[in-house]
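Side chains included, hydrogens not; waters and symmetry mates left out as well; all remaining heavy atoms used. First the proteins, then the strands, lettered A, B, ... as listed; each starts at 1.
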Protein chains: 2
Amino acid sequence: MKTKAQHDEDTVEQGPLGTRERIVRTASRLMQRQGYEASGVKQISQEAGATLGSLYHFFPGGKQQLAAEAIRHGDREFADILGEMLDSRPDPAGAIDDCAVALAEGLHASAWLDGCPVTATALGAAGHLPDIQRAAAEAFQRWRELVYEKLRGAGIAEDEARELASTVISTLEGAEMAAQVARSEEPLRAAGRQLARLINSYR
Amino acid sequence: MKTKAQHDEDTVEQGPLGTRERIVRTASRLMQRQGYEASGVKQISQEAGATLGSLYHFFPGGKQQLAAEAIRHGDREFADILGEMLDSRPDPAGAIDDCAVALAEGLHASAWLDGCPVTATALGAAGHLPDIQRAAAEAFQRWRELVYEKLRGAGIAEDEARELASTVISTLEGAEMAAQVARSEEPLRAAGRQLARLINSYR
DNA sequence: TACCGGATAGAGCGCTCGCTCTAGAGCATG
DNA sequence: CATGCTCTAGAGCGAGCGCTCTATCCGGTA
């Protein structure tokens, strides 16, 4: 039998994280790539270096609870990146374009596997798993608000900024999906340039 | 035992369509709502009023082949609608806005269940089922070309029209997903207005 | 030392999955 | 009627699903 410390040393990938965190991250990554239905709890626990017992200890709500937490993890992850990119330049148009390029390069680097962590999980479950849908809706809302604040800070009026921020997020999501399916950076790069043009038309 | 004719009379829903066509349409609708993995071949055959034997007779390639044909069906379906809407008005900006509003109303009318028929099927399978991914990529490409021709007809230059058409499709896809998750027409309506503004900025 | 609760471990439950296989129905030919 | 072909019919296969359950390990406390 392994001690806890020995066990942690064996799971090379994710460092000194706790079991619960490893499970959430693994679930998020797997569902991002395969969707909700195709990601089994046994696969998740194995790749996380945990066991089924641990998984159900930390997530008594089962796969559904785990998926909701995985979405919230992806939400925070992308919100951090988006926030950083928006802060790195003063003009919102350039920042959004940078963001699209970064998404394109990241997607390409993952061999077109890692699309939006929320989309793939949420789409298959949107109709009949309310917890998961709610978590996804909250993620989109948070991202919209980040863009909204940036646009407001650049002097765009409330109503226009709200609608524009919503469209920026929708376009990035759609373009990421298009890029993934087409296995090409071009849809995302085009979207970035067009969004920049659209934003600049308000100034 | 039922004769073929008697059997066709019993399947109320889809009229006098052949078995193969009923299976494709049912598969397309189910995968649109539930995704690829969550739609079982038994469920598809039952709801289509067919049997497993019939399904595997017409689709010896199994679920994968069926999914690819379902995507192509959804492709044609949406391409027809898109083509009609683009033809119904001279100005591309207004036509795209109309299209977004129509998508929003259709999505709402289906109780937020019927999103893009291609997206849900393709996303879960994009990584490891090449046939399905290819069919989805071809669908997006066809839709882009429809928009491209409309923009070209309105006098927009080649390079600009290509990038703009790509962004229009990406934005509509992303906004439809956002609307579905948020259970609100607003993301699609906002996207329609912003796309119209973007298109008009080229004239 | 003995004990306790958090965490780990995995065998096994009932069920459904995609798919195969054999049998037969219906219909156009001679 | 006999033959051959397309299509229908559904029982059943092995595998995997989400989840439950009992047994055990471990560090901290008394």
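- Nucleotide D/dA23 holds its C1' atom 19 Å from the OH atom of A/Tyr56, rounded to whole Å.
- Considering only side-chain atoms of A/Phe58, the nucleotide from C/dT8, C/dC17, C/dT20 that sits closest is C/dT8.
- Taking the ring axis of B/Tyr202 as reference, the NZ or CZ atom of A/Arg197 stays within 45° of it and closer than 6.0 Å to the ring centre.
- Taking atom CG of residue B/Leu30 and atom P of nucleotide C/dC17, one finds them 12 Å apart after rounding to whole Å.
- Between A/Pro130 and the options A/Gln133, A/His128, A/Arg134, a side-chain contact (heavy atoms from CB on, under 4.5 Å) holds for only A/Arg134.
- Side chain of A/Thr19, nearest nucleotide from D/dG12, D/dT8, C/dT8: C/dT8.
- Rounded to an integer number of Å, the gap from A/Lys63 NZ to D/dT20 C1' is 17 Å.
- We find that CZ of B/Arg20 is positioned 14 Å from C1' of D/dT6, with the value rounded to whole Å.
- Considering only the side chain of B/Leu52, C/dC19 comes nearest among C/dC19, D/dG10, D/dG18.
- In this structure B/His57 satisfies the ring pair (Phe, Tyr, Trp, His ring centres under 6.0 Å) test with no other residue, sequence neighbours excluded.
- A/Arg152 places a side-chain N or O within donor-acceptor distance of the main-chain N or O of A/Ile156, the cut-off being under 3.5 Å.
- Because its NZ or CZ atom is not both nearer than 6.0 Å to the ring centre of B/Tyr56 and within 45° of the ring axis, B/Lys63 does not count as a cation-pi partner of that residue.
- Side chain of A/His57, nearest nucleotide from D/dG12, C/dG6, C/dG12: C/dG6.
- At the heavy-atom level, B/Ser39 lies under 4.0 Å from the strands shown only through sugar-phosphate atoms.
- Rounded to whole Å, atom C1' of D/dA15 lies 15 Å from atom CD of A/Gln43.
- Computed from coordinates, the B/Gln34 CD to C/dC17 P distance equals 10 Å when rounded to whole Å.
- Look at CD1 on A/Ile23: it is 11 Å from P on C/dA9, rounded to the nearest Å.
- The interatomic distance linking A/Gln46 (CD) with D/dC19 (P) rounds to 16 Å, in whole Å.
- The listed nucleotides are C/dG18, C/dT8, D/dG10; the one nearest the side chain of A/Ser54 is C/dT8.
- A residue-by-residue look at A/Gly62 and B/Leu55 shows that B/Leu55 has its nearest nucleotide of DNA chain D further toward the 5' end.
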